[in-house]
Number of protein chains: 2
Amino acid sequence: MKFHQLRYIHEVVRQNLNISAASEALHTSQPGVSKQIQLLEEELGLQIFQRNGKRLVGVTEPGRKIVELAARVMLDMQNIKRVGDEYSQEDSGELTIATTHTQARYRLPAAVKQFISQYPNVKLTIHQGNPAQVTEQVAAGEADIGIATENISKDERLACLPCYTWNRCLVVPPSHPLVQKTKLTLKDLAAYPLITYDFAFTGGTLVSKVFHDAGIEPNVVFTAIDADVIKTYVNLGLGIGLIANMAYDASRDAPLVSLDCSHLFPDSTTYLGVRRDAFLRDYMLQFISMLSPEHDKRTVQRLLHQDV
Amino acid sequence: MKFHQLRYIHEVVRQNLNISAASEALHTSQPGVSKQIQLLEEELGLQIFQRNGKRLVGVTEPGRKIVELAARVMLDMQNIKRVGDEYSQEDSGELTIATTHTQARYRLPAAVKQFISQYPNVKLTIHQGNPAQVTEQVAAGEADIGIATENISKDERLACLPCYTWNRCLVVPPSHPLVQKTKLTLKDLAAYPLITYDFAFTGGTLVSKVFHDAGIEPNVVFTAIDADVIKTYVNLGLGIGLIANMAYDASRDAPLVSLDCSHLFPDSTTYLGVRRDAFLRDYMLQFISMLSPEHDKRTVQRLLHQDV
DNA sequence: CCATATTACGGCATGCGTAACGATC
DNA sequence: GATCGTTACGCATGCCGTAATATGG
C-alpha cells in the first residue's frame, strides 16, 4: 500500500469518480492513477469503486470506509509535514480560513491586517461559505480554522472556542419614524417591512425564534446573505434592516442610522473551530489570539485540547 | 515521505533507539533503516533523533510529535487492511486480547473456546499484564481488545463497555472456624491472616478502601497476582484467601470452602476496551458478544461509537 | 464521435542488500 | 574489541509518462 494510492482514490472521489479530472488535479497521468487504483484494489482484495464496464459509477461500501481512512491518513501526513515546517521554517507556510461573509467582512479585517504584516511569508486564503460549509471544510481538512456563529460548535470532529459575542441593530434611513423611539420593541420591528439575513446563513433561526416566542409575526420582505446588500436596499427605502451590530459603521454607512436592538435578542456567540486532530502551526495560534485577544496562545492550545 | 520511513522511526523508538534491533524486527537491513531515517529527516528539515556522534541517544521534541503521528498513520493503514480482509476473507485474521490473569483464567475460557471453534482461521493471541499494561497495549494498537477491571475505562483513547460485574468470596480450609459463621463481617476477615491480590494488579484498591473506611486494619500477610497462588497458600494453612468469586469452583478447588463476601464490598465492574479509532473486524464484535451475551453485535457497535 | 478507462512499453528514479568504514562504549 | 551507525556501490523493482487500445454515453 502506497501513499499515492490513497491520495489517488481520495481525489477520484472528490472529483465525482472522474479519474481524468483527478489525474489532472494531481498533476499526473491518467493511466498512472488508473493503474495504482487497480493495484490497491488488488492488494486489498476488493473493489473500492463500482464499475459499469470501464466507467466508475459509485463507491462500494468497504470503499467508503477506505476512502474515509485514507483521508485521515493524508491529514496525518500533512500534520507531520507541518511539524517539520514548524521547527525549520518558523514563519512561512499556509493558513486557510473558512468563514461566513459577516465575519470575513466585518470582524476579520483587523486581525488579517495584523497577521499579514507579522507573517508576510504565510499564504493566507479565506474561503467563504455558509456555516455548514465552513464546518465541513474544517472537518475535511480543507481549511485550518473555521469561524461561524451557527452550527460549527456542534460538530464532533471539531474543537471549538467561543470567540466573541455580538448582537443586532436596526438600520433605517435618517428620516424613518423609528428614529424618534427611545427604545425599540419587537412590535416596532414587525410594523415595518423587514430586511435581514437569509435564515439559513446566519443567526436568523435565533431571530425567528424570538419573534415566534413573542407571538409576533415580522414582515420579512427580503433576505440577503450579507449586510451590505441589506443596507443597499434599506437605502432604497424598501424597508428596515436588521443586521449584526458590527456590520454598521456610522461614518461609512451614512446617511443610514443604527438603532440598538440588543435588548430584544439574546447575544449570539461566534465560535472558532479547528479539526481536533490537526497540528496547529504557531502562526495559526497567533492568528487566533489576534482575532480574540482575550485568549492568549497557551489558553487557546489548552482549550483546543492540544498537548501541553 | 514514505510509509516505511514512518514504520522505521516507529520501530526504532519501540526498540529503545536501537537501529540494528529495529532493522531485524522489520526484516530488513540496518543500512536501509538508517538511510531512510536520514532521508525523512532531510525531507522534513529537522532531526527526529538526538545523536551523540553516531549513537541515537534520544528523540527531539518535534520528533516525539512525529513519532506519535506516525503511529496513528500506521494504525490507520492497519485499519484499511482490515477493511480489505473483512470483505474478502471474512473469517480469517488475527485477534489479540490483552487482559489480566483473573479474566484470562476464569472468565475468558468459555468465550475463547466458543470463538476458536467458530473461527478456526483466526489467530488468537492473549497478552497478559496488569491493568495499566492492558490499557497501554490497546491504546498503542498492539492489542485489539483489552479486558480489565481497573484503569482501562479511564483512558481517553479507548472506548469502553461494561462487561460484567463481580464480587469477592473468601476461601478457607473446611475446618476453619469462619465456616460456622452465617454471615461474615469485615472484623471476621481482619481477625485472621489474609491473603489476597497484589494491590496494584486488581480491585485491591477498592478492598483496601472498604477496610479503611470502616476503620479496620486487615492483617494482610501475603499478596499474589492470581487466585491459584492464593488458593495454594490457603491450602497450606497460611491464612484465609480473599479472591474474585468467579475464581472459586467447588469441584476443582475442594477441599477449600468458599464463603460469600458480596455484602461486604461493592460490586466491581470489569470493562472491555477498544481503541476508539480502530476498525473492528466482524469476528471481534462476535467475540465481544460471546464474552458478554447481553450485548449483541449491534449494541456493541453502537456503544463503541462505531458507525451505524 | 467524444470522453473516459485500461493495456503496453520503455526510461528513470529509488529502495534494498552486501560490503566496507567510522565511531562509540 | 565489540557493538552500532553511516557511507559506498550495484542490482532490481516499480513508478511514471507516452502511445495505443477498448469501452461507454
Side-chain angles (χ1 to χ4, degrees), chain A residues 1-60 63 66-67 70 73-74 77 80-81 84, chain B residues 1-60 63 66-67 70 73-74 77 80-81 84:
Chain A
M1 190 181 327
K2 302 290 184 307
F3 180 56
H4 331 68
Q5 297 174 330
L6 302 184
R7 283 186 45 199
Y8 288 1
I9 59 171
H10 179 80
E11 191 62 33
V12 167
V13 172
R14 258 180 63 89
Q15 302 282 350
N16 296 313
L17 308 175
N18 184 324
I19 293 188
S20 308
S23 65
E24 202 156 327
L26 294 163
H27 307 292
T28 186
S29 69
Q30 215 170 63
V33 176
S34 179
K35 188 89 182 288
Q36 291 305 316
I37 290 177
Q38 287 172 60
L39 285 175
L40 179 60
E41 289 183 325
E42 190 185 340
E43 179 180 345
L44 296 177
L46 55 80
Q47 296 258 115
I48 294 170
F49 297 105
Q50 291 168 339
R51 289 169 172 79
N52 190 351
K54 294 198 169 185
R55 225 72 163 195
L56 303 195
V57 295
V59 182
T60 63
I66 291 172
V67 168
V73 169
M74 290 169 52
M77 300 281 285
I80 290 175
K81 288 209 186 73
Chain B
M1 189 181 329
K2 303 291 187 312
F3 279 130
H4 39 279
Q5 296 175 331
L6 302 184
R7 283 184 46 199
Y8 288 1
I9 59 171
H10 179 80
E11 191 62 33
V12 167
V13 172
R14 259 179 63 90
Q15 302 282 351
N16 297 313
L17 306 176
N18 184 324
I19 292 189
S20 307
S23 64
E24 201 156 328
L26 294 164
H27 307 292
T28 185
S29 70
Q30 220 170 55
V33 176
S34 179
K35 188 89 182 289
Q36 292 304 317
I37 291 177
Q38 288 172 60
L39 285 175
L40 179 60
E41 289 183 324
E42 190 186 338
E43 179 180 344
L44 296 177
L46 55 81
Q47 297 258 115
I48 294 171
F49 297 105
Q50 291 168 340
R51 288 169 173 80
N52 191 350
K54 294 196 169 184
R55 226 74 163 196
L56 304 195
V57 294
V59 182
T60 64
I66 290 172
V67 168
V73 169
M74 290 168 50
M77 301 274 292
I80 290 176
K81 289 209 185 73

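Numbered from 1 within each chain, the chains take letters A, B, ... in sequence-line order.
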In whole Å, what is the span from the [atom1] atom of [X] to the [atom2] atom of [N]?
X       : N      : atom1 : atom2 : value
A:Phe3  : D:dC15 : CZ    : C1'   : 16 Å
B:Glu42 : C:dG15 : CD    : P     : 11 Å
B:Glu41 : D:dG5  : CD    : P     : 13 Å
A:Leu56 : C:dT6  : CG    : C1'   : 11 Å
A:Lys54 : C:dA5  : NZ    : P     : 11 Å
B:Ile48 : D:dG5  : CD1   : P     : 15 Å
B:Ile37 : D:dC4  : CD1   : P     : 15 Å
B:Arg7  : C:dG15 : CZ    : C1'   : 14 Å

Can you see if the side chain of [X] gets near the phosphate of [N] - specifically, an N or O under 4.0 Å from OP1 or OP2?
X       : N      : value
B:Asn52 : C:dC25 : yes
A:Ser34 : C:dA5  : no
A:Asn18 : C:dA5  : yes

Which part of the nucleic acid does [X] contact within heavy-atom distance under 4.0 Å: base, sugar-phosphate only, or nothing?
X       : answer
B:Lys35 : nothing
A:Ser29 : base
A:Gln36 : sugar-phosphate
B:Leu39 : sugar-phosphate
B:Gly32 : nothing
A:Tyr8  : sugar-phosphate
B:Leu17 : sugar-phosphate

What's the closest nucleotide to the side chain of [X] if the choices are [options]?
X       : options               : value
B:Gln30 : D:dT6, C:dT6, C:dC16  : D:dT6
A:His4  : D:dT7, C:dT24, D:dC16 : D:dC16
B:Ser20 : D:dT6, C:dA5, D:dC4   : D:dC4
A:Pro31 : C:dA5, D:dG5, D:dT18  : D:dT18

Can you give me the closest heavy-atom contact between A:Gln15 and A:Ala21, atom names plus distance? OE1-CB, 3.7 Å
Main-chain N/O of B:Met1 paired with B:Glu43 side-chain donor or acceptor, under 3.5 Å: yes
Judged by atom type as modelled, is there a donor-acceptor pair below 3.5 Å linking the side chain of A:Thr28 to the main-chain atoms of A:Ser23? no
Salt bridge (charged side-chain N to carboxylate O under 4.0 Å, His left out) between B:Glu41 and B:Arg51, worked out: CA-CA 13 Å; B:Glu41 289 183 324; B:Arg51 288 169 173 80; 3.1 Å; yes
Whichever of A:Gly53 and A:Lys2 has its nearest DNA chain D nucleotide further upstream toward 5': A:Lys2
Judged by nearest nucleotide, the residue sitting upstream toward the 5' end of DNA chain D, A:Gln5 or B:Ile19, is B:Ile19
Of A:Arg55 and A:Gln38, the one whose nearest nucleotide on DNA chain C sits closer to the 5' end is A:Arg55
Donor-acceptor pair between A:Ser34 and A:Gln30 side chains, under 3.5 angstrom: no
Cut-off 3.5 Å, side chains only: do A:Glu24 and A:Ser20 have a donor facing an acceptor? no
